[in-house]
Student: 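Here it is: the structure, laid out below.
All residue numbers in this chain count up from 1 along the given sequence.
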Amino acid sequence: FINGHGYATGSLTFQYLDLWSSRWTWGGEEPPDAGSIVSIDKGVKIFLDVSTPILKVLVIDNASLIFDDTNDITLNAEY
């Protein structure tokens, strides 16, 4: 029972994730387009909610890229 407002059930974990498709994940710019060099920096967690165009390079530097397993999502990168 939580502060007279209701009951919590089970054990829950909350994570803050940035959406790949959101311009706010990319500093207000559109998501990376074909031929882009993309770096996901340390500590960042991105939820891949759309298939990517063919990226030139994708570097995941001690970060997390989590795939949407409820849709047919493809990550496309040369390197």
Side-chain angles (χ1 to χ4, degrees):
F1 192 72
I2 302 173
N3 299 328
H5 295 289
Y7 291 92
T9 59
S11 174
L12 302 175
T13 302
F14 175 81
Q15 291 186 40
Y16 178 82
L17 302 173
D18 291 309
L19 293 177
W20 185 281
S21 64
S22 173
R23 67 182 315 126
W24 306 117
T25 300
W26 310 105
E29 302 293 327
E30 292 297 320
D33 55 2
S36 294
I37 297 173
V38 178
S39 178
I40 302 174
D41 296 327
K42 182 179 181 180
V44 174
K45 294 180 180 180
I46 295 181
F47 186 74
L48 188 62
D49 58 330
V50 295
S51 293
T52 67
I54 300 174
L55 306 170
K56 186 68 174 175
V57 176
L58 174 61
V59 176
I60 302 172
D61 182 17
N62 201 19
S64 298
L65 181 61
I66 302 166
F67 286 70
D68 179 355
D69 62 1
T70 64
N71 290 306
D72 188 20
I73 302 295
T74 305
L75 171 65
N76 300 290
E78 292 180 31
Y79 300 99

Student: Say you draw a straight line from CZ of Phe47 to OG of Ser64; how long is it, rounded to the nearest 0.5 Å?
Tutor: 13.0 Å

Student: Could you measure the distance from the CD1 atom of Ile46 to the OG1 atom of Thr25? Nearest 0.5 Å is fine.
Tutor: 6.0 Å

Student: Exactly one of Asp41, Val38, Leu65, Val44 should register a side-chain contact (heavy atoms from CB on, under 4.5 Å) with Ile60. Which one does?
Tutor: Leu65

Student: In the structure I gave you, are the side-chain heavy atoms of Leu58 and Ile40 within less than 4.5 Å of one another anywhere?
Tutor: yes

Student: Specify the closest pair of heavy atoms between Trp26 and Trp20, including all atoms of both residues, with the distance to one decimal.
Tutor: NE1-O, 2.8 Å

Student: Without placing hydrogens or testing angles, list every side-chain donor-acceptor pair under 3.5 Å for residues 71-79, not counting sequence neighbours.
Tutor:
| residue | atom | partner | partner atom | Å |
| --- | --- | --- | --- | --- |
| Asn71 | ND2 | Asp68 | OD2 | 2.9 |
| Asn76 | ND2 | Thr52 | O | 2.6 |
| Glu78 | OE1 | Lys56 | NZ | 3.0 |

Student: With sequence neighbours left out, write down each residue that passes side chain to side chain donor-acceptor pair (under 3.5 Å) with Ser21, or none if nothing qualifies.
Tutor: Asp49

Student: Under 4.5 Å between side-chain heavy atoms, hopping through other hydrophobics if needed: is there a path connecting Leu17 to Leu48?
Tutor: no

